[in-house]
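Notes to accompany the following structure.
These numbers come from a predicted model, not from an experiment.
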Amino acid sequence: MIYHSTQDKTQSVSSAQAIAQGISKDGGLFVPERFPQLTADELKAMLAMSYQQRAKLIIGKYLTDFSEKEISDCVDNAYTAEKFGGENPAPIASVTYNGDELNLLELWHGPTCAFKDMALQILPHFLTKSLQKVGGGKEAVILVATSGDTGKAALEGFRDVEDTKIIVFYPVNGVSAMQKHQMNTQEGGNVYVCAINGNFDDAQTAVKKIFTDPETAAILDKNGMMFSSANSINWGRLLPQIVYYISAYCDMVNMGKVQPGEKINICVPTGNFGNILAGYYAYEMGLPVNRFICASNSNNVLTDFINTGVYDKNRDFYTTVSPSMDILVSSNLERLLYTMSGSNDVETKGYMDALKSAGRYEVSDSIKEKISALFYGGYADEDATKATIHNLFEQERYLSDTHTAVAVAVCDGYIKATGDKTPVVIASTASPYKFSKAVLEALDKGSLPESEFDMVEQLNELTGAPVPAPLASLRGKTARFSDVTDKEDMQGVVLNALGIRK
């Protein structure tokens with residue numbers, strides 16, 4: 001399996017090179033040359049498999065330069081019952097909301113209580129083996145921009161991993177108090193965390209610029225280092241996410257929710273487009289999907305794009321109660337455009353260049369038609385998000401975080417607007433205890449305590465929902481990191497954190 005750059009498909013690399021490098025030198029993203037197909041027999045066989053066995057089968061179709069034992073080692077080390085609280089790291093909870101059954105794919109049972117763990121517990125193992133194949137003995141510098149959950153999940157995944165260093169940037173006022181505390185108390189000798197004055201898009205743009213800067217790459221090379229990424233721009237981050245959609249389908253069949261071959265809808269709370277793109281890639285492999293419901297918060301650039309074919313980031317940016325979706329530049333959309341344009345790298349590069357220069361682009365009629373046939377775009381504002389948390393708890397005693405609530409609200413609106421009763425899987429992306437203040441406000445149970453951990457305690461007393469051990473253990477931990485920088489100075493921060501002088 002060869003991987004090409006979305007902006008120059010003459011750039012062809014192995015999967016190990018794609019994972020080690022993270023991003024193409026031309027600024028494009030690596031995509032597989034084709035989508036391996038799942039046969040009906042394979043889907044049938046997977047019904048009797050564990051999550052780990054399904055993961056090995058799917059991942060093996062893409063990482064063809066990895067041995068069967070290497071893939072098995074990566075999966076077995078990543079998805080342990082100890083890390084995820086059970087043999088199935090991605091269980092389904094079925095609820096009835098406003099009269100319709102919703103199947104919530106709980107992706108937050110890992111060590112940092114967010115869906116990013118599903119990929120970031122296995123990525124370090126992918127990367128370590130990739131570096132052994134193509135790294136030439138260099139140390140990997142993992143550079144991350146985060147809107148909240150990726151940062152902590154990456155820090156935890158790469159903590160003290162040999163031959164790696166990890167540097168995380170987050171918007172100083174753009175993450176929840178719990179997310180900030182998770183990152184700033186991170187243990188490990190190879191980790192560094194810094195806030196920036198700006199939003200996630202500022203951090204992501206600066207990180208991508210540093211990645212593709214030849215001067216910085218030369219400085220790292222001179223010091224025996226190379227950049228890699230833990231963001232979903234890295235193929236090794238995106239690939240494991242394909243697994244849980246296919247596994248969820250198998251679980252739905254086993255639960256009697258769908259018949260083999262019957263189509264489902266997939267609804268995803270979406271910011272950077274990686275999570276929903278993984279579902280689309282599963283569809284390209286043969287997963288029976290009727291519709292992808294792309295749920296946005298008030299930063300509804302994707303909603304407008306799906307409905308009009310115009311992507312325009314020239315709009316107000318909102319800091320919301322669902323901060324992991326506070327994004328106006330959805331970087332993984334580039335991969336979707338590449339596929340839907342028939343792997344046209346020139347066309348894809350044109351869209352990305354227009355986004356850089358004018359902040360907007362409009363796709364061709366052909367792409368517009370393909371997207372509208374498969375994707376539905378909707379959004380939920382702050383009031384709708386909090387109302388959904390409140391109503392879901394009142395109706396089902398199910399406690400939802402703010403991001404999952406966005407998806408539930410949009411999915412409910414879609415069902416009511418279209419009458420589509422196709423069985424639906426909703427990606428539930430975080431523990432509600434990561435956003436205790438917003439969830440408590442939504443439940444409307446009176447005045448709030450000042451301390452974040454007192455809010456966690458109050459939420460637990462009100463609802464009885466268990467507090468995840470990784471969050472409970474943070475109480476009383478002292479912050480290790482408190483640095484704040486401007487986006488223009490991030491390159492200097494990176495070199496300084498690595499102990500490098502120009």
key: ring-ring contact (aromatic ring centres under 6.0 Å, His included) contacts in which one or both residues fall within residues 116-168, not counting sequence neighbours   = none

query = Any sub-3.5 Å donor-acceptor pair from Asn190's side-chain atoms to Thr164's backbone N or O?
reply = yes

query = Cut-off 3.5 Å, side chains only: do Thr404 and Ser428 have a donor facing an acceptor?
reply = yes

Where at least one partner belongs to residues 15-62, residue pairs that pass ring-ring contact (aromatic ring centres under 6.0 Å, His included), sequence neighbours excluded = Phe35-Tyr281, Tyr51-Tyr79, Tyr62-Trp235

ask   = Under the salt bridge (Lys or Arg N to Asp or Glu O under 4.0 Å) test, which residues partner Asp201, sequence neighbours left out?
value = none

inquiry  = Has Thr348 got a side-chain atom pairing as donor or acceptor with Asn344's backbone, closer than 3.5 angstrom?
reply    = yes

task = May I ask you to test the Val493-Asn496 pair for a side-chain heavy-atom distance under 4.5 Å?
result = no

ask   = Just checking, any donor-acceptor pair under 3.5 angstrom between side chains of His4 and Ser12?
value = yes

request  = Check the side chains of Asn272 and Gln204 for a donor-acceptor pair under 3.5 angstrom, ignoring hydrogens and angles.
outcome  = yes

note = With sequence neighbours left out, the residues meeting ring pair (Phe, Tyr, Trp, His ring centres under 6.0 Å) with Phe200 are none

message = Is there a side-chain contact between Val425 and Met252 in this structure, where contact means two heavy atoms from C-beta onward sitting under 4.5 Å apart?
response = yes

inquiry  = Under a 3.5 Å threshold, yes or no: a donor from one side chain and an acceptor from the other, between Lys152 and Thr112?
reply    = no

task = Kindly compute the distance separating CZ (Phe115) from OH (Tyr244), expressed to the nearest 0.5 Å.
result = 5.5 Å

message = Does any part of the side chain of Phe273, heavy atoms only, come nearer than 4.5 Å to the side chain of Ser331, both counted from C-beta?
response = no

remark   = When Asn231, Thr429, Thr150 are each screened for side-chain hydrogen bond (donor to acceptor under 3.5 Å, both in side chains) with Lys116, the one that passes is Thr150

Closest contact, heavy atoms only, Met178 versus Tyr433 = CE-O, 3.9 Å

message = Students often mix this up, so state it plainly: with edges at 30° and 60°, are the rings of Phe292 and Tyr280 parallel, tilted or perpendicular?
response = perpendicular

remark   = The complete set of salt bridge (charged side-chain N to carboxylate O under 4.0 Å, His left out) pairs with one or both residues in residues 127-149, sequence neighbours excluded, reads Glu70-Lys133, Lys138-Asp221, Glu139-Lys165, Asp149-Lys434

request  = Give a yes or no on whether a salt bridge exists between Glu187 and Lys477, defined as a side-chain N under 4.0 angstrom from a carboxylate O.
outcome  = yes

request  = Could you tell me whether a side-chain N or O of Thr39 sits under 3.5 Å from a main-chain N or O of Glu42, the two making a donor and an acceptor?
outcome  = yes

message = Less than 4.5 Å apart, side chain to side chain, heavy atoms only: is that true for Ile59 and Leu239?
response = yes

request  = Can you see which heavy atom on Gly157 is nearest to which on Gln121, and at what distance?
outcome  = CA-NE2, 4.0 Å

request  = Using distance alone, with no hydrogens and no angle criterion, decide if Thr10 and Asp8 have a side-chain donor and acceptor under 3.5 Å apart.
outcome  = yes

message = What I'd like to find out is whether the side chain of Met118 reaches to under 4.5 Å of the side chain of Phe84, using heavy atoms alone.
response = yes

ask   = Of all residues at least two apart in sequence or in a different chain, which pass the ring pair (Phe, Tyr, Trp, His ring centres under 6.0 Å) check with Tyr318?
value = none

key: Option from Tyr361, Phe305, Tyr338 for which ring pair (Phe, Tyr, Trp, His ring centres under 6.0 Å) with Tyr351 holds   = Tyr361

query = Ring centroid separation for Phe453 and His181, is it under 6.0 angstrom?
reply = yes

ask   = For Ser357, what residues pass the side-chain contact (heavy atoms from CB on, under 4.5 Å) criterion, not counting sequence neighbours?
value = none

key: Residue pair Val13 / Ile2, side-chain heavy-atom distance below 4.5 Å   = no

message = Enumerate the ring-ring contact (aromatic ring centres under 6.0 Å, His included) contacts for residues 201-222, please, sequence neighbours excluded, ordered by first and then second residue.
response = Phe211-Phe227

message = Would you compute the distance between atom CZ of Arg237 and atom CD1 of Ile233 and round it to the nearest 0.5 angstrom?
response = 10.0 Å

query = Do the side chain of Asp160 and the main chain of Gly189 share a donor and acceptor less than 3.5 angstrom apart?
reply = yes

request  = Answer yes or no: is there a side-chain heavy-atom contact under 4.5 Å between Val301 and Ile327?
outcome  = no

request  = Sequence neighbours left out, what passes side-chain contact (heavy atoms from CB on, under 4.5 Å) with His109? Give chain and number order.
outcome  = Pro91, Glu106

query = What distance do Ile276 atom CD1 and Ser330 atom OG have between them, rounded to the nearest 0.5 Å?
reply = 10.5 Å

query = So do the side chains of Asn223 and Leu498 get within less than 4.5 Å of each other, counting heavy atoms only?
reply = no

task = Using distance alone, with no hydrogens and no angle criterion, decide if Lys25 and Gln11 have a side-chain donor and acceptor under 3.5 Å apart.
result = no

key: Any side-chain donor near an acceptor of the partner, Asp326 and Thr320, under 3.5 Å   = yes

request  = Indicate yes or no for a side-chain donor-acceptor contact from Asn77 to the backbone of Asp73 under 3.5 Å, with no hydrogens or angles considered.
outcome  = yes

request  = Could you tell me the separation between the CG atom of Asp26 and the CD1 atom of Ile23, rounded to the nearest 0.5 Å?
outcome  = 8.5 Å

request  = Identify, with sequence neighbours excluded, every residue that meets side-chain contact (heavy atoms from CB on, under 4.5 Å) alongside Ala203.
outcome  = Ala145, Ile196

Considering all heavy atoms, the nearest Leu107-Ala427 contact = CD1-CB, 4.1 Å

ask   = Could you state the interatomic distance from CG (Leu333) to CG (Leu29), rounded to the nearest 0.5 Å?
value = 10.5 Å

task = Compute whether any side-chain donor of one residue and acceptor of the other, for Asp213 and Thr216, lie under 3.5 angstrom apart.
result = yes

task = Can you sort out the partners of Asn184 under side-chain contact (heavy atoms from CB on, under 4.5 Å), two or more places apart, ordered by chain and number?
result = Tyr170, Lys180, Val193, Ala479, Phe481

task = Would you check if the side chain of Asp483 reaches a backbone N or O of Cys194 as a donor-acceptor pair within less than 3.5 Å?
result = no

task = Check for a donor-acceptor pair, side chain of Glu156 on one end and backbone N or O of Ala153 on the other, with a separation under 3.5 Å.
result = no

message = Enumerate the salt bridge (charged side-chain N to carboxylate O under 4.0 Å, His left out) contacts for residues 331-352, please, sequence neighbours excluded, ordered by first and then second residue.
response = Lys208-Glu334, Lys349-Asp353

query = Can any side-chain N or O of Arg360 pair as donor or acceptor with the backbone N or O of Tyr311 at less than 3.5 Å?
reply = no

query = Is a side-chain donor or acceptor of Gln37 paired with a backbone partner of Glu284 at a separation under 3.5 angstrom?
reply = yes

CG on Asp251 to CD1 on Ile246, rounded to 0.5 Å = 12.5 Å

Main-chain N/O of Asp202 paired with Thr205 side-chain donor or acceptor, under 3.5 Å = no

task = Check Leu302 against Ser296 and note the closest heavy-atom contact, atom names and distance.
result = CB-OG, 3.9 Å

note = Heavy-atom closest pair (Pro269 atom, Met325 atom, distance to 0.1 Å) is CB-SD, 3.8 Å

Donor-acceptor side-chain pairing of Asn332 and Asn275 below 3.5 angstrom = no

